[in-house]
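Worksheet: one structure, shown below.
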Amino acid sequence: MDTLVVDHPLVAHKLTALRDVRTDSPTFRRLADELVTLLAYEATRDVRVEPTEITTPVSPATGVRLASPKPLVVPILRAGLGMLDGMVRLLPTAEVGFLGMVRNEETLQASTYAERLPDDLSGRQCYVLDPMLATGGTLAAAIRFLVDRGADHITAVCLLAAPEGTARLEHELADLTIPVRMVTAAMDERLNELGYIVPGLGDAGDRLYGVAD
């Protein structure tokens, strides 16, 4: 698995504001949206294209367009939804699927509770959106799910990652023969005893949408 930590001053600036406990939910959503678009620029560096002929106001020219089948963007519910707009802003012709996964807070194991995806993903590049790569179980299970459907190139986009989660992802996906890439804004220090990233930014879902009573 290839891991890229995006080193850019605008990325660091927006991530700092996201981390701040004083940042309210509307501002958090806007910053997450902007940050994802910056990460998407790097995440799509390997997106497949094909030649196309066009005519400019001056002369014919050869350019490129996104190849078929179209890329598939897959946010992991619910927090991944907060990253969707920022991703499709850069890939407006991509298709969107949804994957609902929940982590058992005692075992830290992830399981699927809902999905809205094509049955056959053969030949598809998939972009998985998950704000926090903490223990790594949820993202590893999501990637396995897509590979089982036939996806042949997967890029995960995360706002933050922890070393423990990255190591687990690399270990659990070591047998895959397809390219798997992870793009993140920062690699943080560690996980705490509750499985949260330190320093992190708290619970991404709660900070995006608030806490339901």
Side-chain angles (χ1 to χ4, degrees), residues 1-4 6 29 32-49 66-104 109-162 165-166 168-170 172-173 175-185 203-205 208-209:
M1 185 184 80
D2 179 34
T3 299
L4 173 65
V6 178
R29 287 193 294 269
D33 179 80
E34 294 170 354
L35 180 55
V36 171
T37 299
L38 293 173
L39 296 178
Y41 180 80
E42 291 294 342
T44 56
R45 186 170 293 277
D46 296 327
V47 69
R48 293 170 185 152
V49 296
L66 293 183
S68 295
K70 296 177 181 178
L72 183 69
V73 178
V74 184
I76 298 179
L77 304 178
R78 70 175 168 148
L81 285 175
M83 303 172 67
L84 180 57
D85 286 348
M87 189 72 189
V88 298
R89 181 174 296 112
L90 210 61
L91 280 175
T93 60
E95 295 181 354
V96 178
F98 298 95
L99 190 56
M101 308 202 76
V102 63
R103 185 180 73 165
N104 185 301
Q109 297 298 309
S111 59
T112 304
Y113 67 86
E115 60 94 0
R116 186 71 173 179
L117 294 164
D119 292 331
D120 184 5
L121 294 176
S122 299
R124 300 293 289 268
Q125 283 185 294
C126 295
Y127 295 88
V128 184
L129 309 181
D130 192 13
M132 314 286 282
L133 175 55
T135 64
T138 298
L139 189 53
I143 291 172
R144 284 279 182 189
F145 191 96
L146 296 174
V147 171
D148 289 344
R149 290 278 176 101
D152 68 355
H153 189 286
I154 296 176
T155 300
V157 182
C158 305
L159 301 180
L160 283 181
T166 303
R168 178 176 177 180
L169 205 61
E170 292 175 345
E172 294 198 6
L173 304 178
D175 63 319
L176 295 184
T177 58
I178 70 165
V180 177
R181 191 165 179 247
M182 195 267 288
V183 177
T184 185
D203 186 298
L208 281 163
Y209 305 116

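Just so you know, these numbers use all the heavy atoms, side chains as well, and skip hydrogens, waters and symmetry mates.
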- Item | Side chain E42, main chain L4, donor-acceptor under 3.5 Å | no

- Has R116 got more than 12 heavy atoms of other residues, nucleotides or ligands less than 6.0 Å from its CZ? no

- Message: Which heavy atom of M182 sits nearest to which heavy atom of A161, and what is that distance?
- Response: CE-CB, 3.9 Å

- Query: Where is the tightest heavy-atom contact between L117 and E115, given as atom of each residue plus distance?
  - Reply: N-OE1, 3.1 Å

- Is the backbone of G82 close enough, under 3.5 Å, to the side chain of Y209 for a donor and an acceptor to pair up by distance? yes

- Quick one: CD on E172 to CE on M1, what's the gap to the nearest 0.5 Å? 11.0 Å

- List the steps, then state whether side-chain contact (heavy atoms from CB on, under 4.5 Å) holds for L81 with L208. CA-CA 9 Å; L81 285 175; L208 281 163; over 6 Å; no

- Message: Any non-hydrogen side-chain atom of V6 less than 4.5 Å from a side-chain atom of L38?
- Response: no

- Query: How many angstroms lie between CD1 in I76 and CE in M132, if you round to the nearest 0.5 Å?
  - Reply: 13.0 Å

- Just jot down the salt bridge (charged side-chain N to carboxylate O under 4.0 Å, His left out) partners of D175, sequence neighbours excluded, or say none. R144

- Query: CG of L146 to CG of L121: how many Å apart, nearest 0.5 Å?
  - Reply: 6.5 Å

- Note on the structure: Scanning both residues in full, the closest heavy-atom pair of L159 with A32 reads CD1-CB, 4.5 Å

- Nearest heavy-atom pair of R48 and D152: which atoms, and what distance? NH2-OD1, 3.1 Å

- Closest contact, heavy atoms only, P118 versus L72: CD-CD2, 4.2 Å

- Message: Treating D130 as the side-chain partner and C158 as the backbone partner, does any N or O pair qualify as donor plus acceptor under 3.5 Å?
- Response: no

- Query: Does the pair L176 and I143 meet the rule for a side-chain contact (heavy atoms from CB on, under 4.5 Å), with working shown?
  - Reply: CA-CA 10 Å; L176 295 184; I143 291 172; 4.2 Å; yes

- Task: Let me see the working for T166 and T3 under side-chain contact (heavy atoms from CB on, under 4.5 Å), right down to the final yes or no.
- Result: CA-CA 8 Å; T166 303; T3 299; 3.9 Å; yes

- Query: Under a 4.5 Å cut-off applied to non-hydrogen side-chain atoms, are T37 and M87 in contact?
  - Reply: no

- Message: Within this structure, what is the CG-CD distance for the pair L39 and E34, rounded to the nearest 0.5 Å?
- Response: 12.0 Å

- For V47 and P71, the nearest pair of non-hydrogen atoms, with its separation, is CG2-CG, 4.0 Å

Could you pull out all donor-acceptor pairs under 3.5 Å where a side-chain atom in residues 90-101 meets a protein atom, sequence neighbours excluded?
unit_1, atom_1, unit_2, atom_2, d
E95, OE1, R124, NH2, 2.9

- Message: Is there a side-chain contact (heavy atoms from CB on, under 4.5 Å) between L133 and T184? Walk through the geometry before answering.
- Response: CA-CA 9 Å; L133 175 55; T184 185; over 6 Å; no

- Hey, is the main chain of G150 close enough, under 3.5 Å, to the side chain of S122 for a donor-acceptor pair? no

- Message: If I take atom OH from residue Y127 and atom OG1 from residue T44, how far apart are they, to the nearest 0.5 angstrom?
- Response: 6.0 Å

